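Okay, so here's the structure we're looking at.
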Number of protein chains: 4
Amino acid sequence: MIEVDQNTTHAPQDEDTSKRRQILDGAREVFMELGFDGASMGEIARAAGVSKGTLYVYFTDKTALFEAIVEEETRTAVLFSFDPDRDIATNLTGFGEAYIALVCRPGGGSAIRTVMAIAERMPDVGRRYYDRVLEGTINCLTTYLRGRVEAGQLAIDDCQLAASQFHLMCQATLFLPFIFQAEPAPSPERISKVVASAVRMFLANYGVKG
Amino acid sequence: MIEVDQNTTHAPQDEDTSKRRQILDGAREVFMELGFDGASMGEIARAAGVSKGTLYVYFTDKTALFEAIVEEETRTAVLFSFDPDRDIATNLTGFGEAYIALVCRPGGGSAIRTVMAIAERMPDVGRRYYDRVLEGTINCLTTYLRGRVEAGQLAIDDCQLAASQFHLMCQATLFLPFIFQAEPAPSPERISKVVASAVRMFLANYGVKG
Amino acid sequence: MIEVDQNTTHAPQDEDTSKRRQILDGAREVFMELGFDGASMGEIARAAGVSKGTLYVYFTDKTALFEAIVEEETRTAVLFSFDPDRDIATNLTGFGEAYIALVCRPGGGSAIRTVMAIAERMPDVGRRYYDRVLEGTINCLTTYLRGRVEAGQLAIDDCQLAASQFHLMCQATLFLPFIFQAEPAPSPERISKVVASAVRMFLANYGVKG
Amino acid sequence: MIEVDQNTTHAPQDEDTSKRRQILDGAREVFMELGFDGASMGEIARAAGVSKGTLYVYFTDKTALFEAIVEEETRTAVLFSFDPDRDIATNLTGFGEAYIALVCRPGGGSAIRTVMAIAERMPDVGRRYYDRVLEGTINCLTTYLRGRVEAGQLAIDDCQLAASQFHLMCQATLFLPFIFQAEPAPSPERISKVVASAVRMFLANYGVKG
DNA sequence: CATGAATGAGTGTTCATTCAT
DNA sequence: CATGAATGAACACTCATTCAT
């Protein structure tokens with residue numbers, strides 16, 4: 001009758017029980033495909049391979065589960081690196097191509113779409129996602145640019161603005177048609193061309209002449 | 001006995017019965033605030049000031065009502081004009097500032113957000129909206145640019161790409177934080193500054209030197 | 001200002017305005033096909049070629065309209081006649097074949113089915129229909145049989161029972177499979193055979209020997 | 001306070017969870033009283049003592065629940081037995097009285113009525129019910145008759161037809177008035193008289209003389 | 001009288017959530 | 001802890017009925 005529970009370490013309060021992982025993975029899949037409202041807890045349970053009840057052991061409600069997914073998404077955001085040994089054009093091109101390939105791959109825009117969709121009703125979620133992922137990406141670039149400015153290789157007044165400009169230019173003709181389902185994912189060649197054009201424009205304006 | 005009534009037909013088949021307008025207005029409000037799934041027909045009826053049943057007299061189902069809203073949104077899309085008597089920088093600045101003021105005003109991004117959110121499940125709606133509104137806007141600019149190229153005032157290889165680049169650059173640091181609720185609507189001053197920077201960069205690259 | 005209404009005879013209180021007829025005809029069609037609950041007033045209005053509102057000018061509600069249909073159905077019930085100049089077998093055969101052909105033709109069982117379906121919830125309707133149509137048909141036969149008994153041509157104790165027996169025997173293997181959609185409407189040949197067998201059995205039992 | 005519960009599995013996948021039984025019982029009651037269209041899922045839930053949602057755990061929709069009821073009704077169809085040691089008249093009388101007592105008892109015609117009512121819109125349901133219940137009953141009798149024919153005790157050409165004739169004759173003056181609510185359930189005495197008359201007529205025609 | 005626009009109670013169905021086991 | 005049966009509030013949608021014209 002006495003039950004000695006030696007298994008204290010596998011309690012769900014642990015941040016990463018395998019069950020919790022399963023749920024997060026299943027939930028991401030469903031939420032990203034169907035959006036917050038379109039996703040049902042039943043579907044999520046099925047995708048995660050757990051019972052519906054278990055969902056509520058780890059997350060208080062649908063919203064909390066969704067927030068956890070988005071939160072995680074912000075932590076897994078890809079870090080872009082810049083190689084100081086290579087020239088600016090190469091670094092910008094590498095960054096631009098990697099970024100566009102990432103967001104314009106099938107499913108690549110799901111998180112952006114899903115979070116943007118809910119941002120009005122869950123402003124905190126929207127803001128956190130923007131700050132960590134989009135602004136994070138841009139900040140990465142901002143920091144790189146600032147370094148080049150300090151090294152006298154670029155002439156930029158507002159590096160943050162410049163980073164945002166470059167970030168957006170790389171998407172020209174690519175991201176919006178893709179995410180609105182007006183066009184399929186762009187080919188690597190098309191991406192190269194667009195990013196090359198962005199790099200050219202960027203350096204034409206911010207490059208140090210001579 | 002004589003009754004002068006030029007609007008004798010109160011039939012719902014009329015394209016613009018006041019009831020139909022009421023419904024469209026109420027529905028737009030609710031759909032744009034809550035998204036397709038988040039909006040309920042009851043809420044829409046309340047917002048429109050009609051009964052739930054009446055909704056179904058004018059629209060076969062929720063989807064049809066939503067599509068009608070989006071359709072209308074594409075028709076009310078603002079047309080941007082370019083004045084051939086003014087110089088390119090002025091025209092670009094005017095376009096950029098008007099566009100950003102439009103989409104970054106409170107509620108200005110709702111349609112984009114709402115349609116983008118549903119684009120995966122309703123690809124036709126997404127595509128039509130993109131084609132008519134976003135591409136429509138860009139095409140407007142493309143045409144203008146092409147004219148200037150032919151007039152020898154600009155040196156652009158791919159005018160469509162250039163238009164998209166400008167269109168996106170104008171949004172730098174503004175639209176994404178706004179739509180993700182990370183920042184409030186930008187001030188006219190901030191818009192001016194960002195658009196001015198975009199114009200500068202655009203002309204630095206595509207302007208004809210001399 | 002004075003309006004002399006000479007058209008007093010076409011008011012809806014008249015038992016047979018053409019509008020009333022139209023409605024009854026449309027309603028019969030729809031009720032008989034879909035049953036009381038399955039039929040909608042909208043469908044009936046469409047079938048009758050009048051507006052929904054008009055339905056309520058002539059009938060207080062759906063139930064009253066249904067009752068009027070059934071009532072009418074009882075009045076249009078076919079009268080079967082027996083020819084005293086022909087022999088009993090011929091008369092019974094004629095009656096049997098006519099009756100089965102009537103109820104086993106496509107749509108012929110609709111009234112029976114529809115009224116039977118509602119009889120528990122509208123007992124008056126069920127009883128009246130039974131009394132007037134089914135019992136009416138049997139009474140017709142009963143009267144004929146009674147005449148033959150009095151004429152010494154048949155030996156029947158309970159003529160009503162005998163009439164009902166004959167009425168049912170004629171349906172053997174035909175009506176139930178037909179109305180349950182287990183078999184299509186029987187061929188005239190099959191009907192002949194079954195009725196002939198019923199006549200034979202009937203006379204074998206009730207016929208006067210010698 | 002002590003609860004003995006040997007049925008520890010409360011899973012709905014079990015073919016006969018008590019909940020499933022409860023639902024079937026409640027649904028039968030409501031469907032048989034009000035018909036398919038007249039019955040509402042809410043009413044059924046109330047009658048079954050479960051929530052509306054639970055209905056959908058066990059049955060995919062209203063139609064499936066209805067079909068399950070009818071299916072079950074066909075399986076519970078009474079089997080009639082004939083005792084070879086007793087004479088034909090006794091066997092026929094036993095069968096006839098049992099059958100009429102069954103279908104003319106209060107509620108005894110509900111299934112027939114309900115299924116017949118829906119047969120046009122759900123032909124499969126109608127056909128299956130007819131085949132299994134009505135034809136099943138008649139086949140039972142057919143088989144018995146065929147045996148007697150082979151034993152030289154009856155002279156019947158078409159045993160199926162003869163069985164159907166007997167089956168129907170037993171109902172004479174009883175079933176139709178009962179199901180149309182024109183008369184209450186018949187007394188055993190009345191049933192006896194009618195069945196006796198049917199047996200007499202049947203043997204007068206098909207009996208072997210001598 | 002005839003209309004059909006409008007209603008709102010009601011329908012079948014789904015789903016986030018709870019809880020006994 | 002994990003389950004999944006059970007719930008009930010909410011949903012999209014239908015329809016008998018009303019009423020201004």
Side-chain angles (χ1 to χ4, degrees), chain A residues 5 7 10-14 17 19-20 23 37 39-45 50-63 65, chain B residues 3 5 8-14 17-20 37-45 50-63 65, chain C residues 5 7 10-13 17 19-20 37 39-45 50-63 65, chain D residues 5 8-14 17-20 37-45 49-63 65:
Chain A
D5 189 358
N7 190 3
H10 291 83
Q13 32 279 48
D14 283 327
T17 314
K19 272 276 147 63
R20 193 182 151 92
I23 293 171
D37 290 306
S40 83
M41 293 299 266
E43 189 83 356
I44 290 170
V50 303
S51 75
K52 256 197 293 186
T54 304
L55 261 31
Y56 289 87
V57 172
Y58 292 86
F59 301 93
T60 58
D61 58 16
K62 193 184 180 183
T63 298
L65 176 52
Chain B
E3 187 184 356
D5 184 348
T8 49
T9 57
H10 298 279
Q13 37 274 50
D14 285 330
T17 314
S18 68
K19 271 277 147 60
R20 193 183 150 91
D37 289 308
S40 86
M41 292 300 266
E43 189 82 0
I44 290 170
V50 303
S51 75
K52 246 195 304 184
T54 303
L55 261 31
Y56 290 89
V57 172
Y58 292 85
F59 300 93
T60 56
D61 58 15
K62 190 185 183 183
T63 298
L65 177 50
Chain C
D5 189 357
N7 190 5
H10 291 82
Q13 31 278 49
T17 314
K19 273 275 149 60
R20 193 182 149 92
D37 290 306
S40 84
M41 293 299 267
E43 189 83 356
I44 290 170
V50 303
S51 75
K52 258 195 293 185
T54 304
L55 261 31
Y56 289 88
V57 172
Y58 292 86
F59 301 93
T60 58
D61 59 16
K62 192 185 180 182
T63 298
L65 176 52
Chain D
D5 184 350
T8 50
T9 57
H10 297 280
Q13 35 274 52
D14 286 329
T17 313
S18 68
K19 271 278 146 62
R20 195 185 148 91
D37 289 309
S40 85
M41 292 301 265
E43 190 82 358
I44 290 170
V50 303
S51 75
K52 244 192 311 179
T54 303
L55 261 30
Y56 289 88
V57 172
Y58 292 85
F59 301 92
T60 57
D61 57 15
K62 192 185 182 182
T63 299
L65 176 52

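Proteins come first, then strands; the chains are lettered A, B, ... in the order of their sequence lines, and each starts at number 1. Because the structure is a prediction, the values reported are computed rather than measured.
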For C:A45 and C:S51, the nearest pair of non-hydrogen atoms, with its separation, is CB-C, 4.0 Å

The side-chain hydrogen bond (donor to acceptor under 3.5 Å, both in side chains) partners of B:T63 (sequence neighbours excluded) come to none

d(C:I44 CD1, C:K62 NZ) to nearest 0.5 Å is 6.5 Å

For C:M41 and C:D61 the tightest heavy-atom approach is CE-C, 4.5 Å

Ranking F:dT7, E:dT7, F:dG4 by distance to the side chain of A:S51, first place goes to F:dG4

Does the side chain of B:Y58 get closer than 4.0 angstrom to OP1 or OP2 of E:dA5 through an N or O atom?
-> no

Rounded to whole Å, CZ of A:R20 lies from C1' of F:dC1 at a distance of 15 Å

DNA chain F in dot-bracket form (Watson-Crick or G-U pairs under 3.5 Å, [ ] crossing, | inter-strand) is .||||||||||||||||||||

Those residues at least two apart in sequence (or on a different chain) that pass side-chain hydrogen bond (donor to acceptor under 3.5 Å, both in side chains) with B:S40 are none

B:I44 atom CD1 is separated from F:dA10 atom P, nearest whole Å, by 17 Å

By side-chain contact (heavy atoms from CB on, under 4.5 Å), D:F59 pairs with (sequence neighbours left out) D:R20, D:I23, D:L24, D:L65, D:A68

Protein-nucleotides 12-16 of chain E N/O pairs under 3.5 Å:
| residue | atom | partner | partner atom | Å |
| --- | --- | --- | --- | --- |
| E:dG12 | OP1 | D:A39 | O | 3.2 |
| E:dG12 | OP1 | D:K62 | NZ | 2.7 |
| E:dG12 | OP2 | D:M41 | N | 2.7 |
| E:dT13 | OP2 | D:Y56 | OH | 2.7 |
| E:dT13 | OP2 | D:K62 | N | 2.8 |
| E:dT13 | O5' | D:Y56 | OH | 3.3 |
| E:dT13 | O4 | D:K52 | NZ | 3.0 |
| E:dA16 | OP1 | A:A39 | O | 3.2 |
| E:dA16 | OP1 | A:K62 | NZ | 3.1 |
| E:dA16 | OP2 | A:M41 | N | 2.4 |

When rounded to whole Å, the CZ to P distance for the pair B:F59 and E:dA6 reads 12 Å

